[in-house]
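Below, all heavy atoms of this structure are taken into account, side chains as well, without hydrogens, waters or symmetry copies. Computed from a predicted structure; not experimentally measured.
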Amino acid sequence: MDELPLRAVVIGSGVGGAAAALLLAHAGVPTLLAEKERRLGGAAAAYERDGFRVDTGTHMLCRGEEGPLGDVLRRVGQGDAITFRQSSEPAALCVAGGVGGAAPRGGRVVLRAELWRLAGAARELARGLDLTPLEAARAARLLAHAAAMRDVDMAAYDDATAEAYAARFVPRAPAAARLGSLLALPLLLPGAEASAGEALFSWRRLARSGQQRYPEGGAARVPEVFCRLARELGAAVWTGAGVRRVLVSDRRVRGVELEDGTALSARIVVSTAGLLPTVSRLVGEAHFPEAYVARARALAPQPGQVQVKIGLRRRLVAAGALAGLGGASDGDGAPALPFYCLVPTRFDPSLAPPGHELLCACAVSGGRGGAPAASVDGLLRALAGAVPGLLSDAIFVDGAPADGGGEAFARAGELAAGTAQTPGQVGRARPAVYTPVRGLYLAGRAAGGRGAGMELAASSAIECVDRILVDMGRDLGAPAPPALIDIAGDLLGRAAASTVTWAARPRG
């Protein structure tokens, strides 16, 4: 038993797996990362087409070096290993196709993070969503209330949906549904399903960090650099090495067996395959307590998203990202189709030929009927409504598994793998990074961590590796105290938000 080598095997090379492998290698743990595909990156991989470097997934903007991605690099003494670029254009909200039967609108709501601009943003938002003057004032109060919240305040809304939270401020059902859908966009869930607490946490993180960032070289740059640094620290990184099963006896990890039959002994296994696939397929339910298996089966998975990748022959989108509601109802109260579109070339023009533009978009589709069924055609209609002339200037549109994106994009429907951030599955109720099987851990978007997208995966990896080191008897040391400037900024932010809350409070 104890003669097994102290080796860790990390399954999967997405942001979570690559970060976990890097942190383990830095801690001096002999580490092997096993990736089943021939390329690294998982959901953050990329492919080449017509001179464009296209993200396989559609990723949220991040806080760059200020967030968990930067935390991973700082922990290994490589804080500047990835360059995160800012866009000169802010994000914008587009309500495509009109709402409530209204005519299509050509304008946009510019989404700025500064607290003192919240009231103005709320007025623009009200016009875009056809809110009444009273609803506009209440929408401003919602934004200010969210910005002023402490973590403990947000946790109180973990078990409420984003739509229910919006309804506290804007009771009219269609308006609450639209506001809830926008709040839930970072979690890529409809407002009727997303946890309000987790959605608010994600929005607040983004707002307080100021201008948003994206990795130079695209999302794939993150796992590529993490894996390179892990190799430099002695980790082995294997591609084309799928794991068939995790070897367990007496509820203790013994190693892994690869698809080619190779058996590797290990005392630590970190799976990024998701909780239920790990329990049922990689390990086997017989090795877990019945209650744990029941919990794994009951968890709602993150639903897949419809995605499109569009290469344009000229620059059309004057924004770093677009968010909006497409396929709106005809007034019967049915929810609109939320969509998100990242414009990577607004951050790094080298991702496309000179003068060209790249769009990576996805439509949010509910797992339990909370949103209309998303389709490629519906997403394209929403984007065309938000960006006039879009399709006529398209060089390519990769919008389905069979459309020219190669093997990587053909797996687009799998990229949303993870635990949905719904009530009962966030905060203290989120699956833990450790399991009842000794030596078996989880990382990525399936367990642990907070936030959204790549930041959630990196946050989970940090939490996972910290737990592994504690279980090994390592002393992690006391956390560094917050910098004085961070404390002052937090206090000023709360004061400014409280002032906006008072000024925008509903009257009468």
Side-chain angles (χ1 to χ4, degrees), residues 4-37 39-45 65 67-82 215 220-243 246 253-256 258 262 264-273 278 433-435 438-449 454-477:
L4 287 173
L6 177 58
R7 174 192 287 158
V9 175
V10 178
I11 303 173
S13 68
V15 171
L22 172 57
L23 294 171
L24 285 168
H26 181 259
V29 178
T31 302
L32 165 68
L33 185 150
E35 167 57 53
K36 67 179 180 180
E37 305 297 341
R39 72 179 79 196
L40 296 171
E65 59 275 4
L69 299 173
D71 290 341
V72 171
L73 294 172
R74 281 189 294 274
R75 285 187 173 216
V76 301
Q78 298 285 343
D80 59 354
I82 298 175
R221 180 71 177 156
V222 175
E224 287 171 358
V225 169
F226 286 175
C227 287
R228 174 177 63 78
L229 294 175
R231 283 192 181 106
E232 292 174 1
L233 290 171
V237 178
W238 293 359
T239 57
V243 173
V246 177
V253 162
R254 302 298 178 180
V256 299
L258 303 183
T262 301
L264 302 172
S265 60
R267 288 162 56 185
I268 298 167
V269 170
V270 178
S271 173
T272 65
T278 299
V433 295
Y434 59 90
T435 75
R438 187 177 178 185
L440 177 66
Y441 300 86
L442 304 167
R445 290 176 293 176
M454 293 187 291
E455 291 202 345
L456 171 62
S459 174
S460 170
I462 292 171
E463 183 179 334
C464 176
V465 173
D466 281 352
R467 177 63 190 234
I468 291 172
L469 297 180
V470 168
D471 288 348
M472 291 171 57
R474 300 280 187 94
D475 182 5
L476 299 182

Can you name the closest pair of heavy atoms from [X] and [Y] and give their distance?
X	Y	value
V270	A443	CG1-CB, 3.8 Å
L40	A45	O-CB, 3.6 Å
T278	A273	OG1-CB, 4.0 Å
R221	P215	CB-CB, 4.4 Å
A458	V15	N-CG1, 4.1 Å
L258	V243	CD2-CG2, 3.9 Å

Distance from [X] atom [atom1] to [Y] atom [atom2], nearest 0.5 Å?
X	Y	atom1	atom2	value
L24	M472	CG	CE	8.5 Å
R7	S265	CZ	OG	5.0 Å
I268	C464	CD1	SG	9.5 Å

Side-chain ion pair, [X] and [Y], N-O less than 4.0 Å:
X	Y	result
R228	E224	no
D80	R74	no
D471	R467	yes

Can a donor-acceptor pair be found, under 3.5 Å and without considering hydrogens, that links the side chain of [X] to the backbone of [Y]?
X	Y	result
S271	L442	no
S460	G444	yes
R474	A27	yes
T31	V29	yes
E35	W238	no
S13	G41	yes

Is the closest side-chain heavy-atom distance between [X] and [Y] below 4.5 Å?
X	Y	answer
K36	I11	no
I462	D71	yes
T435	Y441	no
L440	Y434	no
V10	L32	no
R75	V465	no

What pairs with T262 under side chain to side chain donor-acceptor pair (under 3.5 Å), at least two apart in sequence or on another chain?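 Per chain and number, T262 pairs via side chain to side chain donor-acceptor pair (under 3.5 Å) with D260.
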By side chain to side chain donor-acceptor pair (under 3.5 Å), which residues pair with T272, not counting sequence neighbours?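 T272 satisfies side chain to side chain donor-acceptor pair (under 3.5 Å) with no residue once adjacent residues are dropped.
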With sequence neighbours left out, what residues match E455 under salt bridge (Lys or Arg N to Asp or Glu O under 4.0 Å)? R63
Decide side-chain contact (heavy atoms from CB on, under 4.5 Å) for L73 and L229; before the verdict, give the C-alpha distance in whole Å, the side-chain angles of both, and the deciding distance to 0.1 Å. CA-CA 9 Å; L73 294 172; L229 294 175; 3.9 Å; yes
